[in-house]
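Contents: one structure, followed by commentary.
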2 protein chains.
Amino acid sequence: MERTMEEVCEDTCTGSELAADDWNGTRIDEQTAIDLAELFKALGDPTRMKLIYALLDRELCVHDLCVILNMTQSAVSHQLRYLRNVRIVKRRKTGKTVYYSLDDTHVKEIVLLTIQHLAHG
Amino acid sequence: MERTMEEVCEDTCTGSELAADDWNGTRIDEQTAIDLAELFKALGDPTRMKLIYALLDRELCVHDLCVILNMTQSAVSHQLRYLRNVRIVKRRKTGKTVYYSLDDTHVKEIVLLTIQHLAHG
DNA sequence: ATTAAATATGAATACTTGTTCATATAATAT
DNA sequence: ATATTATATGAACAAGTATTCATATTTAAT
């Protein structure tokens, strides 16, 4: 991308109390922004949110998740793959059935914190 | 939606250690799932993530945000409207310029917590 | 070997979304 | 009044996404 605002703006804009070169700390690293967004995007769908919520405290097999969400096995399986790709969820196989659980406690903390915030909305 | 798994499955599936009617607490309220997802979706885009990060500690006018993100005023303005619609961000107008800031501290906590988690990846 | 059960996956489709372009609004200055 | 600055917005388009459908894979049972 290139400069998008007119040059003159930089001289006339009195909007910020900061000097133009004193924006360190306000600019996030590009890759960090992408990584953060990727994680949040994974949480940003009702179906995946329900899956994650169901897995907050226990592992569950695909079938049980289908019943809980009342959705087709295919749709659930596709979303589980999505969540697995971004390391939110992990698999454990026993015979024919595959158990899913949260990959670590990070996401649980984030979700619980956010639920609190919604409650005090 | 309707039942999606075969009935027989409920009898034969030995996946869960829970009885079929003991899933209270694993099923999240539909509206809560939607609300959570809506919030996370708003955080789930690199551009919006950069905007929010820039606003973590200070309010900034639209022009400054354009410079910081190096994006067109239109694109920034559209995303700011998005963030305002979901109450993540609020406006303050002074003359011609409009200052944006986080609507409350909730989102800041969530973002900082998530940044920590990414760091301890 | 067949059959059935549990899960995975590729293709297709309908829907959503982020940016651009052009233009509109609002405030200030001359 | 006119021009300029700062921001907002509608339409359009490209790119992305969630679900469905059909089918594949894996494991166990008979």
Side-chain angles (χ1 to χ4, degrees), chain A residues 1-2 4-16 33-34 37-38 40-51 59-67 69-86 89-100, chain B residues 1-2 4-16 33-34 37-38 40-51 59-67 69-86 89-100:
Chain A
M1 301 180 191
E2 28 179 63
T4 52
M5 302 293 286
E6 292 75 11
E7 320 299 336
V8 75
C9 226
E10 224 161 321
D11 300 322
T12 57
C13 180
T14 58
S16 172
I34 292 174
E38 184 188 64
F40 284 128
K41 192 165 67 172
L43 306 177
D45 172 80
T47 295
R48 290 194 292 271
M49 200 65 248
K50 291 177 200 167
L51 287 173
E59 69 174 7
L60 288 168
C61 69
V62 176
H63 167 74
D64 286 351
L65 289 168
C66 291
V67 174
L69 299 211
N70 192 28
M71 287 182 65
T72 65
Q73 180 269 321
S74 182
V76 168
S77 206
H78 276 295
Q79 295 301 343
L80 286 172
R81 180 169 60 168
Y82 184 126
L83 291 174
R84 200 155 63 87
N85 283 342
V86 295
V89 135
K90 67 185 173 199
R91 295 162 44 132
R92 180 175 72 84
K93 200 166 183 176
T94 299
K96 287 182 289 191
T97 91
V98 177
Y99 295 91
Y100 280 85
Chain B
M1 301 182 192
E2 30 177 64
T4 52
M5 302 294 287
E6 291 75 12
E7 320 299 338
V8 76
C9 227
E10 222 161 322
D11 299 323
T12 57
C13 180
T14 57
S16 172
I34 292 175
E38 184 188 64
F40 284 129
K41 193 165 65 172
L43 306 177
D45 172 79
T47 295
R48 290 194 292 272
M49 201 65 248
K50 291 178 199 167
L51 287 173
E59 69 174 6
L60 288 168
C61 69
V62 176
H63 166 74
D64 286 351
L65 289 168
C66 290
V67 174
L69 297 212
N70 193 29
M71 288 182 65
T72 66
Q73 181 269 321
S74 182
V76 168
S77 207
H78 276 296
Q79 296 299 344
L80 286 171
R81 180 170 59 168
Y82 184 126
L83 291 174
R84 200 155 64 87
N85 283 341
V86 296
V89 135
K90 66 186 173 195
R91 295 162 44 133
R92 180 176 70 84
K93 199 167 187 178
T94 300
K96 285 181 291 192
T97 91
V98 176
Y99 295 91
Y100 280 85

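Each chain gets a letter, A, B and so on, in the order its sequence line appears, and its residues count up from 1.
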Output the rounded distance in Å from [atom1] ([X]) to [atom2] ([N]).
| X | N | atom1 | atom2 | answer |
| --- | --- | --- | --- | --- |
| B:Arg81 | C:dT20 | CZ | C1' | 14 Å |
| A:Arg84 | C:dT7 | CZ | P | 13 Å |
| A:Tyr99 | C:dA8 | OH | P | 13 Å |
| B:Leu43 | C:dG18 | CG | P | 12 Å |
| B:Glu38 | C:dT16 | CD | P | 14 Å |
| B:Leu80 | D:dA8 | CG | P | 7 Å |

Contact list (N/O, under 3.5 angstrom) for nucleotides 21-24 of chain D vs protein:
unit_1, atom_1, unit_2, atom_2, d
D:dC21, N4, A:Ser74, OG, 2.6

Residue pair [X] / [Y], side-chain heavy-atom distance below 4.5 Å:
| X | Y | answer |
| --- | --- | --- |
| A:Tyr99 | A:Arg91 | no |
| B:Val62 | B:Gln73 | yes |
| B:Val98 | B:Arg92 | no |
| A:Tyr100 | A:Leu60 | no |
| A:Thr47 | A:Met71 | yes |
| B:Leu51 | B:Leu65 | yes |

Q: Do nucleotides 25-30 of chain D as a string where each nucleotide becomes B, S or -: B if the base has a protein heavy atom under 4.0 Å, S if just the sugar-phosphate does, - if no protein is that close.
A: -SBS--
Q) What heavy-atom pair brings B:Val86 and B:Ala42 nearest, and what distance separates the two atoms? A)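 Where B:Val86 meets B:Ala42 most closely, the heavy atoms are CG2-CB, 3.9 Å.
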Q: Would you indicate, yes or no, if C:dA8 has its OP1 or OP2 atom less than 4.0 angstrom from a side-chain nitrogen or oxygen of A:Arg91?
A: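 So the side chain of A:Arg91 is within the cut-off, an N or O lying under 4.0 Å from OP1 or OP2 of C:dA8.
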What are the atom names and distances for every N/O pair under 3.5 Å that joins the protein to nucleotides 13-18 of chain D?
unit_1, atom_1, unit_2, atom_2, d
D:dT17, OP1, A:Lys41, NZ, 2.7
D:dA18, OP1, A:Arg48, NH1, 3.2
D:dA18, OP1, A:Arg48, NH2, 2.9
D:dA18, OP2, A:Arg48, NH1, 3.1

Q. What residues, two or more places apart in sequence or in another chain, satisfy side-chain contact (heavy atoms from CB on, under 4.5 Å) together with A:Lys90?
A.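 For A:Lys90, the residues satisfying side-chain contact (heavy atoms from CB on, under 4.5 Å) (neighbours in sequence not counted) are A:Ser101, A:Asp103.
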Without placing hydrogens or testing angles, list every side-chain donor-acceptor pair under 3.5 Å for residues 74-81 of chain A, not counting sequence neighbours.
unit_1, atom_1, unit_2, atom_2, d
A:Gln79, OE1, A:Arg48, NH1, 2.8

Q: Give the intermediate values and the outcome of side chain to side chain contact (heavy atoms under 4.5 Å, CB included) for residues A:Thr97 and A:His63.
A: CA-CA 8 Å; A:Thr97 91; A:His63 167 74; over 6 Å; no
Q | Residues that B:Arg84 engages under side chain to side chain donor-acceptor pair (under 3.5 Å), provided they are two or more places apart | A |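 Side chain to side chain donor-acceptor pair (under 3.5 Å) list for B:Arg84, sorted by chain: empty.
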